[in-house]
Amino acid sequence: MSWNIVQLADIPATPWRNGGGVTRELAMWPDAGDWAWRMSVADVDQSGPFSKFEGIERWFAVLEGAGVQLDVAGVPHRMTAGDAPLFFDGGAATGCELINGKTRDFNLMVRRGPKPSRMLRVDGRFSETLGDGTTIAVYAHASAATVLFDEEPLQLPPATLAWRTVTGSAAVRIAAQQALWMEIPA
C-alpha cells in the first residue's frame, strides 16, 4: 500500500451547527458513514462545548493561536501549540474556552480497540519500527516534513497529511518542525 496524501487547502470547510467554527475532514476510514478512525483540522472561532463521541478515544492538539482551556469531565487542561497532544474519552462532557482568540486544532478520533492509538508532536527527528496492520499518519503543519518509510522517501509540504497502513513491518524516520505523528493499531 502506498501513501494517501491530503492537502488541507483541498478540503472544503464544514461549518459547525452551533456556529462556533469549521472542520476540514482530512481522512476517514473505512468511510464517512461508519468510520473506525478520522483525522480533521478545526478552526475554532468561539468558546463552547465539544460534541460527544461515545466509544471513541480522542486526541487533540493546538496548531495555531494562543490555545484553549479544555474542561474534560471536570478536569482542566490548558493547551497551547507547544503542548503535547491531549488524549481523552470522546464521550466525556468537554468544554472549550479560547485563551485569547481563535485557534486551529488537529483532532484524531479512533473507535476503542484492544490497543490504544497514539499521537505526538515531532519537532526535530523521530523514528519508530511498526508491525503489520498499523495505520500511520504524519501531518506537516507550518513547515515541510521528510518521511522515510523503510527506504522510500516522502516529502510533505506544509498543511499536508500522509497516511498508510503498514504491511509486514516497517521502519519510519521523520525529520520535521511542527509535525504530528499518529499510530492506529490494527
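Since the model is a prediction, treat every value here as computed from it, not as a measurement.
- Phe126 does not carry Arg173 over the face of its six-membered ring by the limits of under 6.0 Å from the centre and within 45° of the normal.
- A ring-centre distance under 6.0 Å is found for Phe106 and Tyr139.
- For the side chain to side chain contact (heavy atoms under 4.5 Å, CB included) with Met182, the lone residue among Thr135, Leu161, Leu120 that qualifies is Leu161.
- Between Ile99 and Ala66, the closest heavy-atom pair is CD1-O, 3.9 Å.
- In this structure, Arg111 satisfies the cation-pi test against Trp35, with its NZ or CZ atom closer than 6.0 Å to the six-membered ring centre and inside 45 degrees of the ring normal.
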For Glu57 and Arg118, run salt bridge (Lys or Arg N to Asp or Glu O under 4.0 Å): C-alpha distance rounded to whole Å, both residues' side-chain angles, the deciding distance at 0.1 Å, then the answer. CA-CA 10 Å; Glu57 53 185 47; Arg118 182 165 88 142; over 6 Å; no

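- Under the ring pair (Phe, Tyr, Trp, His ring centres under 6.0 Å) criterion, Trp16 pairs with no residue at all, not counting sequence neighbours.
- By the 30° and 60° cut-offs, the orientation of the rings of Phe60 relative to Phe50 is tilted.
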Give the intermediate values and the outcome of side-chain contact (heavy atoms from CB on, under 4.5 Å) for residues Asp105 and Leu63. CA-CA 5 Å; Asp105 309 314; Leu63 298 174; 5.8 Å; no

Test log, rule salt bridge (Lys or Arg N to Asp or Glu O under 4.0 Å), inputs Arg24 and Asp43: CA-CA 9 Å; Arg24 288 175 177 82; Asp43 292 315; 2.8 Å; yes

Starting from the C-alpha separation in whole Å, work towards a yes-or-no answer on salt bridge (Lys or Arg N to Asp or Glu O under 4.0 Å) for Arg112 and Asp89. CA-CA 10 Å; Arg112 273 194 207 103; Asp89 178 356; 2.6 Å; yes

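- The ring of Trp37 has its center no closer than 6.0 angstrom to the ring center of Trp59.
- Side-chain contact of Gln178 with Ser143: a donor-acceptor pair under 3.5 Å is absent, judged by distance alone.
- Looking only at atom types and distance, the side chain of Glu25 has no donor-acceptor partner in the side chain of Thr14 under 3.5 Å away.
- With hydrogens and angles left out, the side-chain atoms of His141 and Gln177 include no donor and acceptor closer than 3.5 Å.
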